[in-house]
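Below is one structure, written out as structure tokens, with a few remarks after it.
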Amino acid sequence: MKITIISVGKIKEKYYRDAIKEYEKRLSRYCKLEIIEVEDEKTPDKASDALEDQIKAKEAERILKHIKDDAYLITLEIAGEMHNSEELAQKIEKLGTQGVSHIQFVIGGSLGLHNNVCSRADFPLSFSKMTFPHQLMRVILLEQIYRSYRIINGEPYHK
């Protein structure tokens with residue numbers, strides 16, 4: 001299985017980069033992992049709704065260039081469907097048995113995802129009703145993908 005994470009913005013903090021590297025290493029025995037970073041737009045303080053929509057649209061253009069037609073697209077959205085770790089593992093395993101060989105996850109920027117990206121999703125996924133920094137969300141997503149593969153393979157994981 002190939003897993004691609006398309007994420008808006010670069011990871012600036014070393015501790016996030018270190019955590020990402022660790023999960024990349026751990027995941028290498030389960031799947032082929034690719035992380036694509038697209039440039040984020042600067043958002044001025046007190047930006048109007050119209051400006052925020054323009055910013056998300058520009059980021060969406062960059063994201064959409066990387067979305068593959070043959071991949072199963074999962075967008076991370078607050079309004080998405082919530083799963084626990086076992087349910088996410090079941091989803092990944094079921095996709096594999098149905099012949100899906102490529103799953104793409106999309107993490108938006110600080111304003112979230114534009115509807116142009118959300119409307120392309122095969123599955124909108126929510127980790128929480130809370131908002132997380134997109135840099136931290138990449139680490140959380142990688143950890144949950146790793147945990148999913150541990151569950152799928154019947155290997156121990158921390159509950």
Side-chain angles (χ1 to χ4, degrees), residues 1-41 43 56 59-60 62-68 70-114 117-159:
M1 174 80 68
K2 180 176 181 181
I3 303 280
T4 302
I5 297 173
I6 303 168
S7 185
V8 175
K10 292 202 177 296
I11 301 294
K12 297 171 182 77
E13 293 84 0
K14 182 183 183 313
Y15 51 91
Y16 287 143
R17 287 194 312 268
D18 290 345
I20 289 165
K21 282 180 193 163
E22 178 63 26
Y23 283 110
E24 286 176 321
K25 184 175 81 176
R26 291 181 186 191
L27 279 164
S28 66
R29 65 184 281 224
Y30 300 106
C31 65
K32 182 174 187 234
L33 179 67
E34 175 185 32
I35 297 176
I36 298 170
E37 293 179 337
V38 299
E39 185 182 352
D40 59 342
E41 289 291 312
T43 305
K56 289 194 294 187
E59 292 174 346
R62 295 178 188 133
I63 291 167
L64 290 168
K65 288 179 185 173
H66 296 284
I67 293 175
K68 305 294 183 200
D70 62 343
Y72 188 89
L73 184 64
I74 299 175
T75 50
L76 273 57
E77 307 176 38
I78 289 175
E81 191 175 315
M82 284 197 219
H83 279 339
N84 63 32
S85 297
E86 289 83 6
E87 291 166 336
L88 180 61
Q90 288 170 357
K91 179 142 193 86
I92 291 171
E93 184 175 33
K94 184 176 179 184
L95 288 170
T97 59
Q98 291 173 337
V100 172
S101 61
H102 189 188
I103 301 173
Q104 291 187 301
F105 290 88
V106 178
I107 303 171
S110 60
L111 298 175
L113 291 170
H114 192 271
V117 176
C118 297
S119 64
R120 289 281 308 272
D122 293 302
F123 185 76
L125 176 65
S126 174
F127 276 72
S128 172
K129 291 185 185 294
M130 292 184 257
T131 303
F132 296 102
H134 55 279
Q135 299 94 336
L136 177 59
M137 198 62 235
R138 195 180 312 176
V139 176
I140 294 170
L141 175 59
L142 285 166
E143 190 280 332
Q144 285 299 304
I145 294 169
Y146 172 70
R147 183 179 297 263
S148 291
Y149 277 108
R150 300 283 293 184
I151 293 168
I152 289 166
N153 288 291
E155 298 168 352
Y157 66 99
H158 186 270
K159 293 185 180 186

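As the structure is a prediction and not an experimental result, all values here were calculated from the model.
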### Task
Grab the two heavy atoms, one from Val117 and one from Ala60, that are nearest each other, plus how far apart they are.
CG2-CB, 3.6 Å
### Query
Can you find a heavy atom in the side chain of Lys14 that is under 4.5 Å from one in the side chain of Arg17?
yes
### Query
Is a side-chain donor-acceptor pair under 3.5 Å present for Ser85 with Gln144?
yes
#### Entry: Interatomic distance, Asn153 atom CG to Tyr30 atom OH [nearest 0.5 angstrom]
5.5 Å
### Query
What's the shortest heavy-atom distance between Met82 and Ser128, and which atoms?
CE-C, 4.1 Å
### Query
Would you say Val106 and Ile74 make side-chain contact, with heavy atoms under 4.5 Å?
no
### Message
Using side-chain heavy atoms (C-beta onward) and a distance below 4.5 Å, is Arg150 in contact with Pro156?
### Response
yes
### Query
At their closest point, which heavy atom of Gly112 faces which heavy atom of Glu59, and how far apart are they?
O-OE1, 4.3 Å
### Task
First locate atom CD1 of Ile63, then atom NZ of Lys56, and finally report the distance between them rounded to the nearest 0.5 Å.
11.0 Å
### Query
Got a salt bridge between Glu22 and Lys25, using NZ or NE/NH1/NH2 to carboxylate O under 4.0 Å?
yes
### Atom pair CD1 (Ile5) and CD (Glu24), whose distance is rounded to the nearest 0.5 Å
8.5 Å
### Task
Could you tell me whether a side-chain N or O of Asp122 sits under 3.5 Å from a main-chain N or O of Leu73, the two making a donor and an acceptor?
yes
#### Entry: Full working for side chain to side chain contact (heavy atoms under 4.5 Å, CB included) between Arg62 and Glu41
CA-CA 11 Å; Arg62 295 178 188 133; Glu41 289 291 312; 2.5 Å; yes
### Message
Distance check, rounded to the nearest 0.5 Å: Phe123 atom CZ versus Leu88 atom CG?
### Response
8.0 Å
### Query
Between Ile67 and Arg120, does a side chain to side chain contact (heavy atoms under 4.5 Å, CB included) hold up when you go through it step by step?
CA-CA 9 Å; Ile67 293 175; Arg120 289 281 308 272; 3.5 Å; yes
### Message
Which heavy atom of Ile92 sits nearest to which heavy atom of Ile152, and what is that distance?
### Response
CG2-CD1, 3.9 Å
### Query
Should Ile3 and Leu27 count as side-chain neighbours, where that means a heavy-atom distance under 4.5 Å?
no
### Query
Charged N to carboxylate O below 4.0 Å: is that the case for Arg29 and Glu155?
yes
### Message
side chain to side chain donor-acceptor pair (under 3.5 Å) for Tyr16 and Lys21? Distances and angles first, verdict last.
### Response
CA-CA 9 Å; Tyr16 287 143; Lys21 282 180 193 163; over 6 Å; no
### Summary
Heavy-atom nearest pair, Val139 first then Ala19, reads CG1-CB, 3.9 Å
## Note on the structure
Interatomic distance, CG@Leu64 vs NE2@His114, rounded to 0.5 Å, equals 10.0 Å
### Message
Enumerate the salt bridge (Lys or Arg N to Asp or Glu O under 4.0 Å) contacts for residues 132-146, please, sequence neighbours excluded, ordered by first and then second residue.
### Response
Glu37-Arg138, Glu143-Arg147
### Task
Can you measure from CD1 (Ile35) to CD1 (Ile20) and round to the nearest 0.5 angstrom?
6.0 Å
### Side chain proximity check, Thr75 to Leu125, heavy atoms < 4.5 angstrom
no
### Message
Tell me the closest heavy-atom pair linking Ser126 and Gly80, and the distance in Å.
### Response
CB-O, 3.4 Å
### Met1 vs Lys32 side-chain heavy atoms within contact, under 4.5 Å
no
### Sequence neighbours excluded, every pair satisfying side-chain hydrogen bond (donor to acceptor under 3.5 Å, both in side chains) that has a member inside residues 95-112
Thr4-His102
### Test side chain to side chain contact (heavy atoms under 4.5 Å, CB included) applied to Ile6 and Phe105, step by step
CA-CA 6 Å; Ile6 303 168; Phe105 290 88; over 6 Å; no
### Task
Could you check Glu77 against Cys118 for side chain to side chain contact (heavy atoms under 4.5 Å, CB included), going step by step and ending with a plain yes or no?
CA-CA 8 Å; Glu77 307 176 38; Cys118 297; 3.5 Å; yes
